[in-house]
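Shown next, in structure tokens, is the structure this report addresses.
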Amino acid sequence: MNAPAPNFSIPASVTSFIDGSHPLLIGDKWVPAASGETLEIINPATGKVMTRAAMAGVEDVDAAVRAARAAFDHGPWPRMAPGQRARLMLALADAIEANMQELALIDVLDMGMPLADATYFSVNLSIESLRYNAGWCGKITGETVDVSVPDTLAYTLMEPLGVVGAISPWNTPLMDVVIKLAPALAAGCTVVLKPAEITPLSAHRLGQLIEQIGFPPGVVNIVPGFGNVAGQALVEHPLVDKITFTGSTAVGQQIVRTAAATMKRVTLELGGKSPVYIFPDADLELAIPMTAFLIFKNSGQICAAGSRLFAHEKVFDQVVEGIASFAQRFKVGSPLDASTDMGPVVSQKQFDRVMGYVDSARHDGATVAAGGERVGDEGYYIAPTLLVNTRPDMRAVREEIFGPVLVATRFDSDSLDEVAAAGNDSEYGLSAYVWSNNVSVAHQMAKKIKSGSVRINGGVNLDPNLPFGGAKKSGWGREYGRVGVEAFMEAKTVSVALNAGLGHSSAALEVK
Ligand code: NAP
Ligand code: MG
């Protein structure tokens, strides 16, 4: 294992975990891939291979799906008393909490996010998500329904969908996996997890905790592998009832096409290009650092990052100067260094992609007000970047970069319809940010913006209790909250003729 820490010594438990083997979890067994193949796991802080993990292929995915199917059709999980399911989920939350630093470090080494962000954002939200969803076990119920035919009892049952295939990205690895697992488990489903192939390690550690706690075999199966092989096999598999996917819009569209063959249910959390609107009456002391923070944190690798700035011309120069100065002070460095604000981007591929967008914007006539360059000569570090003199037709303005790059535009219109329309001019609609101390402006904007969520003067984006998801090409359905659990269930309607026989008016109607 490489040692990227200038001022932090990695505990031996983490080093030995990373250096160990990373097999697949299928049923109650840890196994190598049937092909024997492994994935290279690279530390983005150094760009060097730090370990290898089993690479699931079609055969492994099939075995994992069959284990999940057997666990759902014949095992205790969906039949268990809801309180007992909740108890196991709460025990998993406790186990993650007890191993918080270790799990955070695994993600830091695998993905490059600063340790504090991994701990207090990704791992913490994983714990909160399990605790929140454990509370739903047994609380999502059907209802009795009055129908027009007399002497009929009608009711609905809320039933778990069955086997869930969960395909996740790499930007907050543990959380990306757990936020899918927790509601699926609460609903009574069994799960096959396909974590991103570049960041599978914390999912492996999670699997060890799941095993220790004593979840029934086959309830959770973990099969990292290439998306177009392992992910595709999961989406095609006839024994999978639902796919829950987080990732790019292009892959989401591919999943919809493939899932159509079996008509499995699909939830999609996709990309974004979220607008940030700063009005002249905004509290700039808050709006400037928060806008910088919301694009540069996690090196911009956050789906809901505010990546397009629209500032009123009265405050535009002040906002741009403030964000540029913030970008220059933002400390880019080792994710293990406590003073680091921003680590590397996740991979060489992501580095090339982000720099490609910066170069294309320069070429199209944009001006770099901050950053725009590599930091250091080892690892995938990019300086926080602010682009001005942009136009709506530039690729860097239209497309999701998923890196620490903010594009800024000024507006001078007093028409909220025009201002909202400028931000709505995007195929994405994940999140949006409004900064104004005028409540009328802020709430009118919230109604006019086409996106899954709107944060006013800070607000909150991700909370286990708050539905989250995208409009337009940013997704289908919602995660989190009650709707997030219901997305793993379906209503079955039952009706009973209480006064059976031909005299019952429903039977009489049908006989006629
Ligand atoms: P990605 O390339 O779409 O990959 C996401 C996952 O899908 C990975 O596990 C990937 O496998 C897998 N995959 C790839 N091709 C597949 C296929 N044909 N069939 C089934 N699965 C397939 O996205 P990414 O680059 O990992 O993540 C960045 C994207 O995720 C950004 O667009 C970002 O906005 C989005 N995101 C959205 C949210 C949200 O909540 N809306 C949250 C986080 C990220 P590999 O391991 O081979 O890549
Ligand atoms: Mg890695």
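Everything quoted here is computed from the prediction, not taken from an experiment. Just follow the structure's listing: the first ligand is 1, and inside any ligand the first atom is 1.
- Side chains of K264 and T262: a donor on one and an acceptor on the other come within 3.5 Å.
- Set against the non-hydrogen atoms of G225, the atoms of ligand 1 under 4.0 Å away are 46 (O).
- Within the 4.5 Å cutoff, the side chain of L24 has no heavy atoms near those of the W30 side chain.
- Shortest contact from atom 25 (O) of ligand 1 to any protein heavy atom: W170 NE1, 3.2 Å.
- Annotation for ligand 1: atoms under 4.0 Å from non-hydrogen atoms of N171 are 43 (C), 44 (C).
- Protein heavy atom closest to atom 34 (O) of ligand 1, with residue, atom name and distance, is E400 OE2, 2.5 Å.
- Nearest protein heavy-atom neighbour of atom 14 (C) of ligand 1: G227 CA, 3.5 Å.
- Contact check on K297 versus D117 returns a salt bridge, with a Lys/Arg side-chain nitrogen under 4.0 Å from an Asp/Glu carboxylate oxygen.
- Listed by number with element, the atoms of ligand 1 under 4.0 Å from a non-hydrogen atom of L430 are 41 (N).
- Closest to atom 18 (N) of ligand 1, if we only count protein heavy atoms, is Q232 OE1, 3.5 Å.
- For atom 21 (N) of ligand 1, the nearest protein heavy atom lies closer than 4.0 Å.
- Under the 4.0 angstrom criterion for non-hydrogen atoms, G470 is not in contact with ligand 1.
- The heavy atom nearest to atom 35 (C) of ligand 1, considering only A230, G271, G247, is found in G247.
- Comparing K349, Q301, K194 against atom 10 (C) of ligand 1, the shortest heavy-atom distance belongs to K194.
- Residues satisfying the salt bridge (Lys or Arg N to Asp or Glu O under 4.0 Å) criterion with E197, sequence neighbours excluded, are absent altogether.
- Minimum interatomic distance between P195 and V177 (heavy atoms only, all atoms of both residues): CB-CG2, 4.3 Å.
- Using a 4.0 Å cut-off between a side-chain N of Lys or Arg and a carboxylate O of Asp or Glu, R69 and D241 qualify as a salt bridge.
- Ring planes of Y132 and W136: perpendicular class, angle over 60° (limits at 30 and 60°).
- Against a heavy-atom cut-off of under 4.0 Å, I167 is close to the following atoms of ligand 1: 6 (C), 7 (O), 9 (O), 12 (C), 20 (C), 21 (N).
- Neither the backbone nor the side chain of T258 has any atom closer than 4.0 Å to an atom of ligand 1 (non-hydrogen atoms only).
- Atoms of ligand 1 lying under 4.0 Å from at least one heavy atom of F226, given by number and element, are 47 (O).
- Close contacts of ligand 1 with F468, meaning ligand atoms under 4.0 Å from a residue heavy atom, involve 40 (O).
- In terms of protein heavy atoms, atom 46 (O) of ligand 1 is closest to E197 N, 2.5 Å.
- The protein heavy atom nearest to atom 33 (C) of ligand 1 is F402 CE1, 3.3 Å.
- Side chains of W77 and P160 form no contact here, defined as non-hydrogen atoms less than 4.5 Å apart.
- Atoms of ligand 1 found under 4.0 Å from any heavy atom of P169, numbered from 1 in the order shown, are 26 (O), 27 (O), 43 (C), 44 (C).
- For atom 8 (C) of ligand 1, the choice among S168, G475, P224 with the nearest heavy atom turns out to be S168.
- By the criterion of a heavy-atom distance under 4.0 Å, the side chain of V251, and not its backbone, is placed next to ligand 1.
- Among protein heavy atoms, the minimum distance from atom 2 (O) of ligand 1 is reached at S248 OG, 3.9 Å.
- Among protein heavy atoms, the minimum distance from atom 7 (O) of ligand 1 is reached at F245 CE1, 3.1 Å.
- Between N221 and L25, the closest side-chain pair of non-hydrogen atoms is not below 4.5 Å.
- A donor and an acceptor atom, one from each side chain of S431 and S453, are located under 3.5 Å apart.
- Each of T244, T246, V235 was evaluated against I167; a single residue qualifies, V235, per the side chain to side chain contact (heavy atoms under 4.5 Å, CB included) test.
- Looking at L270 against ligand 1, only its backbone comes within 4.0 Å, counting heavy atoms.
- Distances from atom 38 (C) of ligand 1 to the heavy atoms of C303, P195, S474, A259 put C303 nearest.
- Counting heavy atoms from C-beta on, the side chains of K242 and E490 never come closer than 4.5 Å.
- Legend: residues meeting side-chain contact (heavy atoms from CB on, under 4.5 Å) with K448, ordered by chain and number and at least two apart, are L416, D417, A420, Q444.
- Classified by interplanar angle (parallel below 30°, tilted 30° to 60°, perpendicular above 60°), the ring pair Y380/F351 is tilted.
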